[in-house]
Amino acid sequence: MVKSIPKMLKIGSDKFETKTTQMADVIILGAGPAGLSGGYELVKRNNKHVFLFEKDGQAGGISKTIKFRGCFFDLGGHRFHTDLPEVSGLWEEILGKDFLVRKRLSRIYYKNKFFNYPLTLANAFFGLGILESLVIVSSYLKSKILPSKNEKTMEQWVSNRFGRKLFKTFFKTYTEKVWGIPCDKLSSDWSAQRIKNLSLFEAIKNSVLPRGKVKAKTLIDKFYYPKYGPGMMYEEMARKIVEYGGEVRLDSSVRELIAEGSEIKSVLIESDNKMGRYLAKNFISTIPVNQLVKMISPGADKHVIEAADGLRYRSFISVSVILKCSNSFPDNWIYVHSPEIKLGRIQNFRNWSPFMVDEENKTTLGLEYFCNENDEFWKMSDDEMIKLGLEEFAKLNLIAEKWEFLDGFVVRIPKAYPVYDSSYIKNMKIVRKYLDTFSNLQTIGRNGMFRYNNMDHSVLSGLWAARNVLGEKNDIWDIND
Ligand SMILES: Cc1cc2nc3c(=O)[nH]c(=O)nc-3n(C[C@H](O)[C@H](O)[C@H](O)COP(=O)(O)OP(=O)(O)OC[C@H]3O[C@@H](n4cnc5c(N)ncnc54)[C@H](O)[C@@H]3O)c2cc1C
């Protein structure tokens with residue numbers, strides 16, 4: 001499938017051996033949902049000379065599933081939901097009957113009580129008591145009469161729609177755990193994308209009226225989920241790409257993109273301690289955009305590098321544990337709002353799919369923490385993290401019966417969330433202007449676009465990028481805008 005050019009290269013340090021240069025039509029950098037969807041679309045439309053390079057040993061990106069001692073662990077919990085027919089069609093085409101429909105139950109833990117999430121009227125007011133409920137209603141009315149004129153920050157955006165009191169009760173602590181910055185420093189763009197079309201009035205309407213046509217994104221009470229977790233979807237996609245004649249190379253890190261004028265000509269890939277040079281006509285990248293900018297040679301101007309450096313990501317750690325215990329709790333996941341507990345969210349994988357756990361008397365959990373790459377928490381040993389996770393989990397008294405810890409592991413995800421701070425729009429403008437100078441390079445996906453994409457947005461960006469290569473003119477930046 002691949003044309004080999006018998007030309008030997010000597011690259012950089014002596015650590016690397018030389019390797020034959022190889023040629024493809026399209027090279028895709030990263031085999032997460034975005035890259036794989038692009039690759040699949042291309043090979044399905046008969047473009048066989050497609051190479052995907054993935055630095056990890058497994059396809060799927062953040063949406064991969066890890067198998068450990070017979071059980072399956074999602075990194076986070078990945079609901080498959082979309083209002084994009086071409087994405088749902090693709091997901092069904094890939095997995096068919098292994099794509100299960102699951103019921104959603106998620107709650108908020110706050111001040112030793114559980115509240116339904118999405119919030120329901122009776123439950124929230126009953127849980128908070130009459131006095132606090134009255135304060136919430138009056139604060140909501142105040143926000144309607146005297147809203148913040150300026151809606152620049154997350155705090156202003158949410159307070160305008162829910163009132164300040166409800167913002168402080170149900171949004172502030174959790175959001176600050178996730179982002180690690182105060183809500184008045186977080187741009188309103190995140191809320192606008194994430195809590196689309198939802199207000200206290202909508203939430204009340206949805207909790208009182210029968211669940212029919214619920215429009216707001218956060219209020220979906222059913223979702224699709226692959227039998228063995230999200231990784232099953234993307235591993236199957238990778239398998240199909242290879243079956244159709246494309247190549248998916250795992251354990252292959254992109255190190256450099258070499259440009260000549262307005263075109264990227266080749267990439268240097270490090271794999272197995274060797275460096276290989278690959279040429280192509282088109283390049284599609286899902287690599288974090290701040291890293292991509294610095295991989296292109298000749299190097300970008302100083303102001304572009306500075307803008308790229310200004311783009312920050314929040315990291316995520318999943319402490320995955322197996323407990324001996326058959327009756328756990330009914331939720332798919334629980335948000336831990338209580339500020340005295342560092343733990344942010346708990347996943348109960350059996351409730352995502354019963355096939356995730358191999359024995360009836362086991363419960364598997366994902367205990368989720370948010371932090372910055374290389375901060376104190378990030379550097380804690382795996383054993384310390386598992387110990388802390390179990391201690392914090394025990395404090396919540398979620399499982400009534402006696403349970404026992406069997407085993408566990410920790411996954412650190414360095415660039416899980418693009419941070420929408422006050423300078424990201426300005427920085428992205430500079431970075432995009434620079435990347436637009438390359439006529440044959442498209443940047444897609446969550447980190448490639450520096451956008452809070454769900455899987456469906458990333459998948460669509462892959463499909464559109466592939467079709468652009470084939471002559472269509474889709475504006476990828478319209479996705480999830
Ligand atoms: C905790 C959490 C929960 C989530 N829950 C949901 C959910 O319920 N529903 C939903 O739809 N979405 C959810 N998401 C979002 C979802 O994970 C992403 O939208 C999706 O994985 C993005 O796909 P992607 O291909 O754009 O990027 P990624 O998944 O980040 O894939 C990019 C790939 O590029 C590879 N790569 C990076 N650098 C290099 C390099 N130098 N060389 C080679 N390869 C490289 C990476 O290893 C990775 O495999 C969640 C995300 C998080 C963090």
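Because the structure is predicted, anything quoted here is derived from the model rather than measured. Just follow the structure's listing: the first ligand is 1, and inside any ligand the first atom is 1.
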* To do: Apply the ring-ring contact (aromatic ring centres under 6.0 Å, His included) test between His337 and each candidate in Tyr174, Phe171, Tyr109; give the one that qualifies.
  => Tyr174
* To do: Report yes if Asn454 has an N/O atom closer than 3.5 Å to an N/O atom of ligand 1; otherwise report no.
  => yes
* To do: List the closest protein heavy-atom neighbour of atom 31 (O) of ligand 1: residue, atom name, distance to the nearest 0.1 Å.
  => Gly32 CA, 3.5 Å
* Structure fact -> Within 4.0 Å of some non-hydrogen atom of Gly30, the atoms of ligand 1 are 33 (C), 34 (O), 35 (C), 44 (N)
* Think Lys177 forms a cation-pi with Phe370, using NZ or CZ under 6.0 Å from the six-ring centre and within 45 degrees of its axis? -> no
* To do: Using distance alone, determine whether His81 and ligand 1 share an N or O pair under 3.5 Å.
  => no
* atom 1 (C) of ligand 1 [closest protein heavy-atom partner, distance rounded to 0.1 Å] -> Tyr417 OH, 3.2 Å
* Counting from 1, what ligand 1 atoms have a heavy atom of Pro33 closer than 4.0 Å? -> 20 (C), 21 (O), 23 (O), 24 (P), 25 (O), 29 (O)
* Decide whether an N or O pair under 3.5 Å exists between Ala34 and ligand 1. => yes
* Asked: Is the backbone N or O of Val357 less than 3.5 Å from a side-chain atom of Thr364, with the two atoms forming a donor-acceptor pair by type?
  -> no
* Asked: Between Tyr417 and Tyr313, is the ring centre distance below 6.0 Å?
  -> no
* Side-chain donor/acceptor of Ser318 to backbone N/O of Glu368, under 3.5 Å -> no
* Which pair of heavy atoms, one from Lys362 and one from Arg69, lies closest together, and at what distance? -> NZ-O, 4.0 Å
* For ligand 1, the portion of Lys415 having any non-hydrogen atom under 4.0 Å away -> neither
* Aromatic contact, Phe115 with Tyr117 (centres under 6.0 Å) -> no
* Just go through Gln58, Lys55, His78 and tell me whose heavy atom is the nearest to atom 4 (C) of ligand 1. => His78
* **For atom 19 (O) of ligand 1, the protein heavy atom that lies nearest, with its residue and separation** => Asn453 O, 2.8 Å
* To do: Would you verify whether the NZ or CZ of Arg350 falls within 45 degrees of the ring axis of Trp352 while also being under 6.0 Å from that six-membered ring's centre?
  => no
* Structure fact -> The answer for which part of Met449 has a heavy atom under 4.0 Å from ligand 1 is neither
* Structure fact -> Nearest heavy atom to atom 47 (O) of ligand 1, choosing from His457, Glu368, Glu54, belongs to Glu54
* **Distance filter under 4.0 Å to Gly445 heavy atoms, resulting ligand 1 atoms** => 26 (O)
* **Whether Phe377 and Tyr369 hold their rings parallel, tilted or perpendicular, with breakpoints at 30° and 60°** => tilted
* Heavy-atom contact under 4.0 Å between Ser461 and ligand 1? -> no
* So, does Arg345 sit close enough to ligand 1 that a heavy atom of it is under 4.0 Å from the ligand? -> yes
* Asked: Going by the order shown, which atoms of ligand 1 are within less than 4.0 Å of some heavy atom of Arg79?
  -> 7 (C), 8 (O), 9 (N), 10 (C), 11 (O)
* Is any N or O atom of Ser458, backbone or side chain, closer than 3.5 Å to an N or O atom of ligand 1? -> yes
* To do: List the steps and the verdict of side chain to side chain contact (heavy atoms under 4.5 Å, CB included) for Glu263 and Lys265.
  => CA-CA 6 Å; Glu263 279 195 358; Lys265 291 289 181 193; 3.0 Å; yes
* Is there a nitrogen or oxygen of Met455 sitting under 3.5 Å from a nitrogen or oxygen of ligand 1? -> yes
* Side chains of Asn332 and Arg79 in contact at under 4.5 Å (non-hydrogen atoms) -> no
* What atoms in ligand 1 come closer than 4.0 Å to a heavy atom of Met295? -> 41 (N)
* To do: State the atoms of ligand 1, each with its element, that fall below the 4.0 Å cut-off from a heavy-atom position in Ser63.
  => 16 (C), 17 (O), 20 (C), 21 (O)
* Asked: Hey, does Gln291 come in under 3.5 Å of ligand 1, counting only N/O atoms on both sides?
  -> no
* Between Phe409 and Phe73, what is the ring plane arrangement, given parallel below 30°, perpendicular above 60°, and tilted in between? -> perpendicular
* Sub-4.5 Å side-chain heavy-atom contact between Ser187 and Thr153 -> no
* Asked: Does NZ or CZ of Arg107 fall inside the cone over Phe114's six-membered ring, less than 6.0 Å from its centre and within 45° of the axis?
  -> yes
* Tell me, please: is Phe80 in heavy-atom contact with ligand 1, that is, under 4.0 Å? => no
* To do: Give the numbers and elements of all ligand 1 atoms closer than 4.0 Å to a heavy atom of Arg446.
  => 15 (C), 18 (C), 19 (O), 22 (C), 26 (O), 51 (C), 53 (C)
* Quick one: does Leu29 get within less than 4.0 Å of ligand 1, heavy atoms only? -> no
* Partner of Tyr224 under ring-ring contact (aromatic ring centres under 6.0 Å, His included), chosen from Phe80, Trp91, Phe99 -> Phe99
* **Option set Val178, Thr286, Ile269, criterion heavy-atom distance to atom 32 (C) of ligand 1, minimum** => Thr286
* Structure fact -> Checking heavy-atom distances from atom 53 (C) of ligand 1 to each of Ile28, Ile62, Leu292, the winner is Ile62
* To do: List the steps and the verdict of side-chain hydrogen bond (donor to acceptor under 3.5 Å, both in side chains) for Asn372 and Arg314.
  => CA-CA 6 Å; Asn372 291 328; Arg314 184 78 166 152; 2.9 Å; yes
* For atom 5 (N) of ligand 1, which of Ala59, Gly76, Gly77 has the closest heavy atom? -> Gly77
* Structure fact -> Quick note on ligand 1: atoms under 4.0 Å from a heavy atom of Val254 include exactly 40 (C), 41 (N), 42 (N), 43 (C)
